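Below, chains carry the letters A, B, ... as their sequence lines are ordered, and counting in each starts from 1. Predicted, not measured: the structure shown is a model, and the values here were computed from it.
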Protein chains: 2
Amino acid sequence: MSGEDNLLKLVEAEEADENDYRLQEQVGFILRKAHQRHVSIFAAHIADLTPPQFAALAKLHDVGETSQNQLGSLIAMDAATVKGVIDRLKARGLVELSKHEVDKRRLLVNLTAKGRDAIARLIPIARDITEETLAPLSAKEVATFMRLLAKLT
Amino acid sequence: MSGEDNLLKLVEAEEADENDYRLQEQVGFILRKAHQRHVSIFAAHIADLTPPQFAALAKLHDVGETSQNQLGSLIAMDAATVKGVIDRLKARGLVELSKHEVDKRRLLVNLTAKGRDAIARLIPIARDITEETLAPLSAKEVATFMRLLAKLT
DNA sequence: TTGATATCATTTGCATACGAATGAATTTGA
DNA sequence: TCAAATTCATTCGTATGCAAATGATATCAA
């Protein structure tokens, strides 16, 4: 085999490599689609709340009063994002805000009675949403998938 | 055991059920976090393009000229979203638009020379991004995870 | 004590993401 | 054929999501 042949093969290999890139098989692309599907299932069951809004209420229900930023870190939202979510929940009377007595930087967030009612009503529905999202998998597959997905975060 | 006891147990069971809801273990919540992590890894490797923009270029590189909506369906974006993405790629000279000669409703999208150069340069980096995203998993786990993730879409 | 750091929150700007409404062009079907 | 339905694209409104800049407060350290 000549040197030219080797060079040609090398070039072809590189080009094949590039032509071979399959977007549909990349983890980021599928992750984005899986997330979209989940959001769509969520919306079909809970029309008046988004997943981030639900997450904020569920976490407040779980831990009680917290500061806005602390809540954000508990539900994986940066300060700018959590502010918008909390503002909208406040506008709807589901949470209420107050100032921290000691640390004047902190903005405390609490569920209102209406917020507590809402989250109590929605949690059983949220279970259905989880179930429907995972419906394409068998019970065993669900366990495997959740274990591996958790490793990716 | 009295009837009151049974009723009490039932009520407690329901409340325990609700108190037991663990947001951090729900597939939607973890999916959102996994997606966030991927986007962050992507941004660390490719600063001047978002994942959706990259997806549009990669798909155009793959299939060649298509209509805007067709491209959207290939990369899982609705019409409103894909318009914004393509507008920004056009503004940067990475794609060009033209009207379909026969079907005057259609807006055709093509890579420019600059767009082709960009995607050719970025595809190897995109492979690194996929690899880093999946780095917490072993090779075997990657195969399992990708198989199950694909079943969810 | 006080100056440097760090934390909490807000604001701005940009980029998805999608429902709903609209308009133009095409296709279908009675 | 022609009215109804469909498709393609655009626009508007709302909601994440994040980087960067800013201001107020709190903490740390020399």
Side-chain angles (χ1 to χ4, degrees), chain A residues 28-29 31-44 46-57 65-92 94 97-109, chain B residues 28-29 31-44 46-57 65-92 94 97-109:
Chain A
F29 184 81
L31 224 35
R32 174 168 149 272
K33 279 182 54 175
H35 182 246
Q36 282 176 356
R37 172 171 169 272
H38 168 74
V39 171
S40 164
I41 291 171
F42 188 102
I46 300 180
D48 59 345
L49 227 49
T50 64
Q53 289 167 359
F54 174 84
L57 295 183
E65 182 177 74
T66 43
S67 75
Q68 191 175 264
N69 273 14
Q70 172 67 14
L71 178 61
S73 82
L74 290 172
I75 57 179
M77 281 178 217
D78 68 17
T81 301
V82 79
K83 184 188 191 313
V85 172
I86 294 303
D87 279 355
R88 285 179 285 275
L89 291 175
K90 184 194 171 194
R92 293 172 53 182
L94 298 170
L97 304 178
S98 55
K99 290 180 181 173
H100 193 287
E101 285 302 317
V102 177
D103 187 340
K104 293 177 183 173
R105 294 170 306 177
R106 291 199 181 128
L107 187 63
L108 297 175
V109 190
Chain B
F29 184 80
L31 223 35
R32 173 169 149 272
K33 279 182 50 175
H35 181 246
Q36 283 176 356
R37 173 172 169 271
H38 168 75
V39 171
S40 165
I41 291 171
F42 188 101
I46 300 180
D48 59 344
L49 227 50
T50 64
Q53 289 167 357
F54 174 84
L57 295 183
E65 183 176 73
T66 42
S67 75
Q68 190 174 263
N69 273 13
Q70 172 66 14
L71 178 61
S73 81
L74 291 171
I75 57 180
M77 281 178 217
D78 68 18
T81 301
V82 79
K83 185 189 190 313
V85 172
I86 293 303
D87 280 354
R88 285 181 284 276
L89 292 175
K90 184 193 171 197
R92 292 173 52 182
L94 297 170
L97 305 178
S98 56
K99 289 180 180 174
H100 192 287
E101 285 301 318
V102 178
D103 187 341
K104 294 176 182 172
R105 295 169 305 177
R106 291 197 181 131
L107 187 63
L108 296 175
V109 189

Looking at CD of B/Q36 and CG of A/L31, how far apart are the two atoms once the value is rounded to the nearest 0.5 Å?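 Here the rounded value is 11.0 Å.
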Kindly compute the distance separating CE (A/M77) from CG (A/L71), expressed to the nearest 0.5 Å.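 CG of A/L71 is found 7.5 Å from CE of A/M77.
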Find the distance [X]:[atom1] to [N]:[atom2] and express it as a whole number of Å.
X: B/D78; N: D/dG13; atom1: CG; atom2: C1'; answer: 14 Å
X: A/I46; N: C/dG19; atom1: CD1; atom2: C1'; answer: 18 Å
X: B/D48; N: D/dC18; atom1: CG; atom2: P; answer: 19 Å
X: A/L97; N: C/dT10; atom1: CG; atom2: P; answer: 8 Å
X: B/R92; N: C/dC14; atom1: CZ; atom2: C1'; answer: 12 Å
X: A/K99; N: D/dT25; atom1: NZ; atom2: C1'; answer: 12 Å
X: B/I86; N: C/dT16; atom1: CD1; atom2: P; answer: 10 Å
X: A/L74; N: C/dC8; atom1: CG; atom2: P; answer: 12 Å

Taking 4.0 Å as the cut-off, does a side-chain nitrogen or oxygen of [X] come that near to OP1 or OP2 on [N]?
X: A/R32; N: C/dT16; result: no
X: B/Q36; N: D/dT16; result: no
X: A/Q53; N: D/dT16; result: yes
X: B/R106; N: D/dC8; result: yes
X: A/R105; N: C/dT10; result: no
X: A/T50; N: D/dT16; result: yes
X: B/Q68; N: D/dT10; result: yes
X: A/S67; N: C/dA9; result: yes

Measure the shortest side-chain to side-chain distance between A/K83 and A/Q68 over non-hydrogen atoms and say whether it is less than 4.5 angstrom.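 Side-chain contact under 4.5 Å: yes.
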Pairwise side-chain contact, B/R32 with A/H35, heavy-atom cut-off 4.5 Å (strictly under):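 In short, these two side chains touch, coming nearer than 4.5 Å.
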Minimum heavy-atom separation for A/I86 and A/A56, please, with both atom names.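 Here A/I86 and A/A56 meet closest at CD1-CB, 4.4 Å.
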Quick check on DNA chain D: between B/K83 and A/R88, whose nearest nucleotide comes earlier from the 5' end?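 Nearest-nucleotide comparison on DNA chain D picks B/K83.
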Starting at the 5' end of DNA chain D and moving along, which residue's nearest nucleotide shows up first, A/P52 or B/A80?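 Nearest-nucleotide comparison on DNA chain D picks B/A80.
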Of A/D103 and B/A76, the one whose closest DNA chain C nucleotide lies more 5':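 Comparing both residues, the 5'-ward one is A/D103.
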Along DNA chain C (nearest heavy atom to each residue), the more 5'-positioned of A/A79 and B/V102: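 Counting from the 5' end, the first nearest nucleotide belongs to A/A79.
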Could you check whether B/V39 gets within reach of a base, just the sugar-phosphate, or nothing at all, counting any heavy atom under 4.0 Å?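 Contact class for B/V39: none.
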Qualifying residue, where the test is side chain to side chain contact (heavy atoms under 4.5 Å, CB included) with A/L89 and the options are A/L97, A/L57, A/V109: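 Testing A/L89 for a side chain to side chain contact (heavy atoms under 4.5 Å, CB included) against A/L97, A/L57, A/V109 leaves exactly one candidate, A/L57.
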